[in-house]
Amino acid sequence: VTDYWCELAWLGGATATAGVLLRVDGDRFAAVTADVQAPPADAERLAGLTLPALANAHSHAFHRALRGRTQVGTWSFWTWREQMYRAAARLTPERYYRLARAVFGEMALAGLAVVGEFHYVHHQPDGTPYDDPNAMGLALLEAARDAGVRLTLLDTLYLHGGLDASGYRELSASQRRFGDRDVESWAARVEALPTTPTARIGAAAHSVRAVDPDALRYVAAWSVARGAPLHIHLSEQALENEQCRALHGCSPTELLDATGVLGAQCTAVHATHVDDDDIERLGVTRTRICACPTTERDLADGIGPFARLRAAGCTLAIGTDSHAVIDGFEEARAIELDERLATGCRGTSSVEDLLVAATSEGCASVGWSDTGRLTTGALADFVTVGLDSVRLTGTNREAALASVLYAATAADVTDVVVGGNPVVRGGVHARVDVAPELAAAIADLMDS
Ligand SMILES: [Zn+2]
């Protein structure tokens, strides 16, 4: 049993609470006690603001290697994708383990301690399975364990190379390693993946570009039968809508509705180009939406109607997706700040709304509804943000939540505990020397 005394903590609601004692027994909170004004002698003292662990509900770990290399020039999403495919082509299970351990280490340092990894680089470059067909997924699970983050491996069904009016295209040479032969071989492979106290398995369908309606129906039924989360990229680009209409005569959202994909187990990632009818369908079905604003900016996707989606009945989560930056505060505040630029209105999302998206709703989106809250019985996953940096100093209790949400960066995270285990202390990762490991893994992948 370990006691942590928090100078300030967010227990839900619109303000932080001063003097909160977190009693951790094993991997859960045995008690959360407010109004403990002085730290007990044997408690660890956490200065600053303690939050539940932030959730990164949409990650492709290897995209981290592209940071800075793909962000200049006049390229589109589609030319960015060609560069991303070139990095994907060079991955091996060993390289992916080293890169992902460092990337998950960067997430841990940012307080993004619960991760949904949308994983589609499954096989050898020519599409032949490895001796263990889950070699890549196992490398990611091992990397997350060693970096100390809680992971849901969202193993992704990817069958086709795109679609147009004439039908679905075959996988291109660079997409071949993403694809399973059919939905049954995808399911057999995924069902062989292990779960652990800090890792769960979920499903993803890459997009309506890569998964046909019959396969969407199959994966939706598979995920409902198992109570497993199901994620899918939705309408990130207007071209996807055009292609879907050309073949199916409906929007991607309508197609997902018709095939049983939408619902509370489902998270639609991006939902940038959705119309009024799509928003209503997503809201009525209580589908979750994962906003990835830093990626959506970087790829010139557009600004998703996140406030309208929430008003329609959706819950929101955040993801760092392409890892143009890894900073949960930046993703969360962008939901409101980008909305201000797009609409000329302020305050459609409250600080509490955005913190809920960054914590409990993000965790639930990736199948961890038993964390993301500082409450008795929940998994003991929490992060502390120091308030004494030049960015945050001068903050009082009343302003602490807004200061952190609107001005903190990943660098302000001082301490991270996952399942009762300290992963970050004093801003330093306990197990991974993150910066040099990132440098070595990226150089190995991109420059060798
Ligand atoms: Zn993505």
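These figures come from a predicted structure and were not determined experimentally. Remember, it's 1-based here, ligands and their atoms both numbered in the order they're listed. Position 1 is the first residue of the sequence, and the numbers go up from there.
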Review point. With side chains defined as the heavy atoms from C-beta onward, is the minimum distance between His160 and Arg209 less than 4.5 Å?
Key: no

Check your understanding: For His60, which of Phe118, Tyr96, Tyr85, Phe178 qualifies under ring pair (Phe, Tyr, Trp, His ring centres under 6.0 Å)?
Key -> Phe118

**Study point:** Non-neighbouring partners of Thr156 that pass side-chain hydrogen bond (donor to acceptor under 3.5 Å, both in side chains), sequence neighbours left out
**Key:** none

Study note, to complete from the structure: Residue set satisfying side-chain hydrogen bond (donor to acceptor under 3.5 Å, both in side chains) with Arg297, at least two apart, ordered chain then number -> Glu330, Asp338

Practice item. Enumerate the residue pairs fulfilling salt bridge (charged side-chain N to carboxylate O under 4.0 Å, His left out) with a member in residues 117-141, sequence neighbours excluded, ordered by first and then second residue. Key: none

**Study point:** Distance filter under 2.8 Å, centred on the Zn ion (ligand 1) - protein N, O or S atoms that pass it
**Key:** His58 NE2, His60 NE2, His233 NE2, Asp321 OD1

Review point. Going by atom types alone, do Thr272 and Asp301 pair a side-chain donor with an acceptor below 3.5 Å?
Key: no

